[in-house]
J.: 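For reference, the structure I am asking about is given below.
Just so you know, these numbers use all the heavy atoms, side chains as well, and skip hydrogens, waters and symmetry mates. All chains are named by letter (A, B, ...) in the order of the sequence lines, taking the proteins before the strands, and each is independently numbered beginning at 1.
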Protein chains: 2
Amino acid sequence: MNDTAPALGTNTATPAAPRAVSPAPVTHTASKSEQAYAAVKARIVDGSYSPGYRLVLAKIAEDLGVSVVPVREAIRRLEAEGLVKFERNVGATVAGIDPTEYLYTMQTLSIVEGAATALSAPLIGPADVARARAVNAEMRECLEHFDPVRFTRLNQDFHSILFEHCPNPHILDLVHRGWNRLASLRSSTFRFVPRRAHESVDEHEALLRLIESAADADVIEKAARLHRSATLDAYLAQSNAGSVSAR
Amino acid sequence: MNDTAPALGTNTATPAAPRAVSPAPVTHTASKSEQAYAAVKARIVDGSYSPGYRLVLAKIAEDLGVSVVPVREAIRRLEAEGLVKFERNVGATVAGIDPTEYLYTMQTLSIVEGAATALSAPLIGPADVARARAVNAEMRECLEHFDPVRFTRLNQDFHSILFEHCPNPHILDLVHRGWNRLASLRSSTFRFVPRRAHESVDEHEALLRLIESAADADVIEKAARLHRSATLDAYLAQSNAGSVSAR
DNA sequence: GCAATAGTCTTCGTATACGATTTCGTACTC
DNA sequence: GAGTACGAAATCGTATACGAAGACTATTGC
């Protein structure tokens, strides 16, 4: 379907080596619509457009040197993907950080990512495990002088290695969408709950052990799912104790 | 109060989409874009546009009494949903029945529907269970003079009761999308594998028992997932006695 | 001084128009 | 007779234009 492959990337340690499946079929064909989609998506994911940012069609069109029509299409696609919220006769804004939304997204991701990881597991070779372990080592290092943003990026790299082999493209797409949604809110959970970062690294190692030992798909799925929902729980516990709760 | 809508006396050709699996956001304001989206989606889901059908923008626009621009947007949204396939400079076609695609969709659905059902379970009251049981009774009846189409519709109704209470709208949305994709290929699995229908009815009852007894979420999820993947397996076993995995 | 209302201004929604690309048919040549 | 090349028709892609709806502001009345 859609989903231009990158977006998940920015990976320093994992240059998407394993498979040449990477769709770079942009054969001199880049429709304006496509351009607009990619451009806006990139800006959302990289944080240039932060949540709540008002996406004015005419302005974006001008920035990109196109008319509003392709931009509208792009926005529509992003809306369907959940990256943008659209209100009739009012306009589009970058989808928000609403804690409720965060909860939904994390829960959904826990499920689809768990499944994707379990489905990938049999296809993950020793080389992949080694790469993942290297990333995890970096994460552990990163714990010293804790940098939430860097940590989050590494976290993404780590999990990418685990689920990218998923043979079911639909599920993989859902995982990507979930990650993108999270990426749009740059404030990672780890910023709020640094303690969770430590546990996270340990759980990563446990996950790798399971994969190495060719554990049951069920077991891997459950572990991957719990790994994520534990992060969610940590966030919830924190936010309840702390300031903003609201709904 | 608004809605003077002169000149276009012939419009509003779409009176409340014929009960697709997804909710109809029919506020009293229906932009042309919405109309087009609902209309095309309805036609795909109800089979007027069968898989492979070529969706010509101009023709649809004329049928609906609008211009092509709103139709384009609608098509884009349907594309993001996976109901249509779009090729640059060529056009859109209703997404196909490709067995591989079927496999992917069913697998994905088994996962998200399983999760949705498990999350819904605690919110399902005796009244709901009773309704579901009534539907299942109809299905059992339906086994006598087997009618695959009717059976499939009842099957959808049954599962809808089980997952519609899902508190996570994202997951619920994914379930709807999965069902819609399946709906677009009118040939239900049960047409090919009537025997599966019998098992299915029994599994439904088992599922209801689990929900009634407030079984563990894990147990319910696994049961719901297996229920669906068993249907998939039945299809696979039937359709090709040879090439199992089909890449 | 505050609130309600009217007017303006921004921005969206859709129609129409035209250029670009693909596809299909036909004729011509080997 | 078959294959290729040229051309026409169909269809998509995008720009521009105009009407409509919501938001913002200023003015007026209490």
Side-chain angles (χ1 to χ4, degrees), chain A residues 1-2 4 25-41 43 49 52-80 83-96, chain B residues 1-14 25-41 43 49 52-80 83-95:
Chain A
M1 271 131 278
N2 49 34
T4 48
V26 248
T27 62
H28 69 67
T29 48
S31 78
K32 304 285 181 69
S33 185
E34 224 38 76
Q35 283 175 246
Y37 172 77
V40 175
K41 182 172 182 176
R43 281 189 172 79
Y49 293 160
Y53 185 93
R54 178 123 185 245
L55 299 168
V56 179
L57 297 181
K59 186 178 177 307
I60 296 173
E62 192 183 7
D63 286 352
L64 298 175
V66 303
S67 87
V68 296
V69 178
V71 177
R72 283 183 65 85
E73 262 181 47
I75 298 288
R76 284 299 202 189
R77 283 174 63 184
L78 291 168
E79 182 197 10
L83 280 174
V84 164
K85 248 200 323 227
F86 201 84
E87 201 176 344
R88 153 103 168 154
N89 277 325
V90 172
T93 56
V94 176
Chain B
M1 185 177 293
N2 54 15
D3 167 48
T4 49
L8 281 180
T10 58
N11 71 353
T12 63
T14 51
V26 213
T27 61
H28 49 75
T29 52
S31 76
K32 304 287 181 68
S33 187
E34 285 304 327
Q35 284 176 246
Y37 172 76
V40 175
K41 183 172 181 174
R43 282 190 171 76
Y49 294 159
Y53 185 92
R54 179 126 186 242
L55 298 167
V56 178
L57 297 182
K59 186 176 177 309
I60 296 173
E62 191 183 9
D63 285 352
L64 298 174
V66 302
S67 87
V68 295
V69 178
V71 176
R72 281 182 66 86
E73 264 182 46
I75 298 287
R76 284 300 200 188
R77 286 174 62 187
L78 291 167
E79 182 196 11
L83 279 174
V84 312
K85 257 208 308 237
F86 201 84
E87 202 176 344
R88 156 102 165 150
N89 277 325
V90 172
T93 55
V94 176

J.: Return a table of donor-acceptor pairs under 3.5 angstrom between the side chains of residues 53-64 of chain A and protein atoms on other chains or two or more places apart.
T.:
residue, atom, partner, partner atom, Å
A:R54, NH2, A:V90, O, 2.9
A:K59, NZ, A:D63, OD2, 3.1

J.: Of all the nucleotides listed (D:dG13, C:dT16, D:dG22), which has the minimum atom distance to the side chain of A:N89?
T.: D:dG22
J.: Quick check for you: among D:dT16, C:dT14, D:dG22, whose closest atom lies nearest to any side-chain atom of A:S67?
T.: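 Selected nucleotide: D:dT16.
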J.: Quick one: pull up CZ in A:R76 and CD in B:E73 and give me the separation to the nearest 0.5 Å.
T.: 4.5 Å
J.: Using the side-chain heavy atoms of A:R88, tell me which of these nucleotides is nearest: C:dT23, C:dA15, C:dG13.
T.: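 It is C:dG13.
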J.: Nearest to the side chain of B:P70, heavy atoms from C-beta on, is which of C:dT14, C:dG13, C:dT22?
T.: C:dT14
J.: Which part of the nucleic acid does A:V90 contact within heavy-atom distance under 4.0 Å: base, sugar-phosphate only, or nothing?
T.: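 The residue A:V90 makes sugar-phosphate contact but no base contact.
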J.: Phosphate oxygens OP1/OP2 of C:dG13: is one of them under 4.0 Å from a side-chain N or O of A:R72?
T.: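 Result: yes.
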J.: Between B:K32 and C:dA15, is there a contact of a side-chain N or O with OP1 or OP2 at under 4.0 Å?
T.: yes
J.: Tell me, please, which residues at least two apart from B:F86 pass ring pair (Phe, Tyr, Trp, His ring centres under 6.0 Å).
T.: none
J.: Just compare D:dC12, C:dT14, C:dT23 and give me whichever is closest to any side-chain atom of B:V56.
T.: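 My answer, after comparing the listed nucleotides, is D:dC12.
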J.: Atom CD of B:E34 and atom C1' of C:dG13: how far apart are they, to the nearest Å?
T.: 12 Å
J.: Let me know, please, whether A:V69 or A:A92 comes out on the 5' side of the other along DNA chain C by nearest nucleotide.
T.: A:A92
J.: Can you measure B:K85 atom NZ to D:dC12 atom P for me and round it to whole angstrom units?
T.: 17 Å
J.: Measure the distance from CD1 on B:I75 to C1' on D:dT11 and round it to the nearest whole Å.
T.: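 That distance rounds to 13 Å.
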